[in-house]
Amino acid sequence: MTKVLYIGGTGEISYACLHEAVRIGQHVTVYNRGSNREPLPEGVQQIVGDVNDDKAYDALAKRDFDVVCQYRLFGVEAAQRDIDMFAGHCGQFIFISSASAYQKPCRDYIITEETPLDNPFWEYSRKKAAIEKLMLAAHATGKLPVTIVRPSHTHRSRFPGTFMEGDHIAWRILRGKPVIVHGDGQSLWTVTHSQDYARAFVRLCGLKPALGEAYHITRDRAHTWDVLLHTIGDVIGKAPIIRHIASDALIRYQPQWAGPLHGDKTNSVVFDNSKVSSAVGGWRCELSMEQGLAMAGKFVKQRLEAGFTPNPESDALIDRIIAEHDALGA
């Protein structure tokens, strides 16, 4: 039985992996602060602790897991600490990077694992790329056996968002308030449900040919942002009122949106998943985009009914942008 450690393990992506890992017979341990919003699958062992506690973290590493799945690395310094801690104490260290690290603007709309990692617009993506470089160097020197996984827009309990989070989008739609879609709404985007992602991910755990390799795990099919927003409307029972506004104009209102827009969602992206499919013996997404959003909609509705309200300053900015855009007759 493969002993697998998840650092984190209860997030939007990783929670589904716990369920799938248990289903196929892996022995799963999670290390986190214990503030689980949902119950862990039966059979999963939880170790409550803080990754910033060096003594506890070192003791964790010395339990010698077969596989360590690190979902909580966002900086090079923390990555080097993990390399030092887990060196000699695991058979495979899987670093969860991000498909947003791929080259922007896209030179080719078909993305493979050979696409360069070069995103000048988003610091988050550049940090992920820097960690990948560090991890693969550790693998090359024999210090730590590493596999890289790059999710794209993966969801479970949330609707996909742009520069606005999905709950905010749904909240506005239900109140008859217009929502902004960047550009003309026709750029192609890929959303993947975490259950589909998990079926591929857990089969990389303990897979020796995966050592030293990088894989993205995403849906092959893409949809326009207008289609995604109208599908969200179908799920919550009210059609969206869409305003198309250029990404450049949006970024002038809020420079921090350059990352999620120019560094990610403005670009049309379609992924070639043949590498991971071949590695795990044949894999493809089974849930349609519509099915995945319907499943997420149950969680979204619960949060809205529980009294979700967006940040008032953020919502006021959206109102202001739309009002000024409409005043121009654009």
Side-chain angles (χ1 to χ4, degrees), residues 11-12 74-75 97-106 117-130 151-155 157-191 222-233 236 240-269 293 296 300 303-304 307-330:
E12 187 74 353
F74 306 103
S97 183
S98 171
S100 69
Y102 285 124
Q103 187 177 60
K104 303 295 185 309
C106 300
L117 304 185
D118 179 21
N119 188 335
F121 301 103
W122 205 355
E123 184 182 13
Y124 165 82
S125 305
R126 293 193 297 273
K127 286 182 176 180
K128 287 288 191 178
S152 185
H153 203 149
T154 307
H155 73 103
S157 66
R158 298 187 179 278
F159 288 146
T162 54
F163 56 91
M164 296 171 59
E165 63 173 5
D167 284 1
H168 191 177
I169 291 172
W171 183 89
R172 288 185 67 92
I173 291 174
L174 287 173
R175 281 156 180 76
K177 301 182 75 171
V179 291
I180 297 172
V181 174
H182 53 279
D184 61 3
Q186 297 305 298
S187 59
L188 295 172
W189 192 246
T190 300
V191 293
H223 299 83
T224 69
W225 276 102
D226 274 3
V227 167
L228 290 171
L229 265 291
H230 280 290
T231 304
I232 288 173
I236 62 177
I241 302 168
I242 291 176
R243 294 289 189 272
H244 295 128
I245 300 179
S247 296
D248 285 346
L250 293 169
I251 292 165
R252 283 195 290 272
Y253 281 97
Q254 178 50 269
Q256 292 180 350
W257 291 343
L261 288 176
H262 285 332
D264 206 22
K265 298 172 182 67
T266 296
N267 302 268
S268 286
V269 291
L293 291 185
V300 175
R303 291 192 294 271
L304 295 179
F308 167 86
T309 54
N311 178 288
E313 293 181 359
S314 297
D315 195 59
L317 177 58
I318 300 301
D319 287 339
R320 176 190 160 204
I321 294 170
I322 291 171
E324 293 181 359
H325 173 82
D326 288 351
L328 293 172

Evaluate the criterion side chain to side chain contact (heavy atoms under 4.5 Å, CB included) for residue pair Ile322 and Ile180; output intermediate values, then yes/no.
CA-CA 8 Å; Ile322 291 171; Ile180 297 172; 3.7 Å; yes
I'd like to know whether Ile242 forms a side chain to side chain contact (heavy atoms under 4.5 Å, CB included) with His230, so could you lay out the CA-CA distance, the side-chain angles of the two residues, the decisive distance to 0.1 Å, and finally the verdict.
CA-CA 9 Å; Ile242 291 176; His230 280 290; 3.8 Å; yes
Any His244 side-chain heavy atom under 4.5 Å of Gln186 side chain
no
Heavy-atom nearest pair, Pro160 first then Ile232, reads O-CD1, 4.1 Å
Just to verify, what does Lys104 make a salt bridge (charged side-chain N to carboxylate O under 4.0 Å, His left out) with, not counting sequence neighbours?
none
Heavy-atom check, side chain of His168 versus side chain of Val179, under 4.5 Å
no
Would you say CD of Glu123 has more than 12 non-hydrogen atoms from neighbouring residues, nucleotides or ligands within 6.0 angstrom?
no
Under the side-chain contact (heavy atoms from CB on, under 4.5 Å) rule, collect the residues that match up with Ala296, sequence neighbours excluded.
His155, Phe159
dist Ile169:CD1 -> Leu174:CG (nearest 0.5 Å) comes out at 12.0 Å
Residues Thr154 and Glu12: closest non-hydrogen pair is O-CG, 4.0 Å
Going by ring pair (Phe, Tyr, Trp, His ring centres under 6.0 Å), name the residues that satisfy it together with Trp189, two or more places apart in sequence or in a different chain.
His153, Trp225
So which atom in Ala101 and which in Ala129 form the shortest heavy-atom distance, rounded to 0.1 Å?
CB-CB, 4.3 Å
With respect to Trp257, which candidate in Trp122, Phe121, Phe163 satisfies the ring pair (Phe, Tyr, Trp, His ring centres under 6.0 Å) definition?
Phe163
Test of understanding: with side-chain hydrogen bond (donor to acceptor under 3.5 Å, both in side chains), list the residues that count as partners of Arg172, not counting sequence neighbours.
Asp315, Asp319
Hey, could you give me the OG/NZ distance between Ser247 and Lys265, rounded to the nearest 0.5 Å?
11.0 Å
Take Ser157 and Arg303 through the side chain to side chain contact (heavy atoms under 4.5 Å, CB included) test and state the conclusion after the steps.
CA-CA 10 Å; Ser157 66; Arg303 291 192 294 271; 4.0 Å; yes
In short, Pro120 meets Arg126 closest at the heavy-atom pair O-NH1, 2.9 Å
Determine the sole option in Ile318, Thr266, Ile245 for which the side-chain contact (heavy atoms from CB on, under 4.5 Å) test with Leu250 is passed.
Ile245
Check salt bridge (charged side-chain N to carboxylate O under 4.0 Å, His left out) between Glu324 and all other residues, then give those that pass, not counting sequence neighbours.
Arg320
Listed by chain and number, what are the side-chain hydrogen bond (donor to acceptor under 3.5 Å, both in side chains) partners of Thr231, not counting sequence neighbours?
none
Please report the shortest heavy-atom distance between Asp264 and Ser100, naming the atom on each side.
OD1-CB, 3.6 Å
So which atom in Asp226 and which in Asp184 form the shortest heavy-atom distance, rounded to 0.1 Å?
OD2-O, 3.8 Å
Strictly distance-based, threshold 3.5 Å: is any side-chain N or O of Asn267 a donor or acceptor partner for the main-chain N or O of Val269?
no
Rounded to the nearest 0.5 Å, what separates atom CD1 in Ile241 from atom CG in Leu229?
12.0 Å
Is it true that a side-chain atom of Ser268 and a backbone atom of Leu188 form a donor plus acceptor pair closer than 3.5 Å?
yes
Rounded to the nearest 0.5 angstrom, the NE2-OG distance for His182 and Ser187 is 4.0 Å
Gap separating the CG atom of Leu261 from the CD1 atom of Ile251, nearest 0.5 angstrom:
5.0 Å
Give, for atom CH2 of Trp171 and atom CG of Leu304, the distance between the pair rounded to the nearest 0.5 Å.
10.0 Å
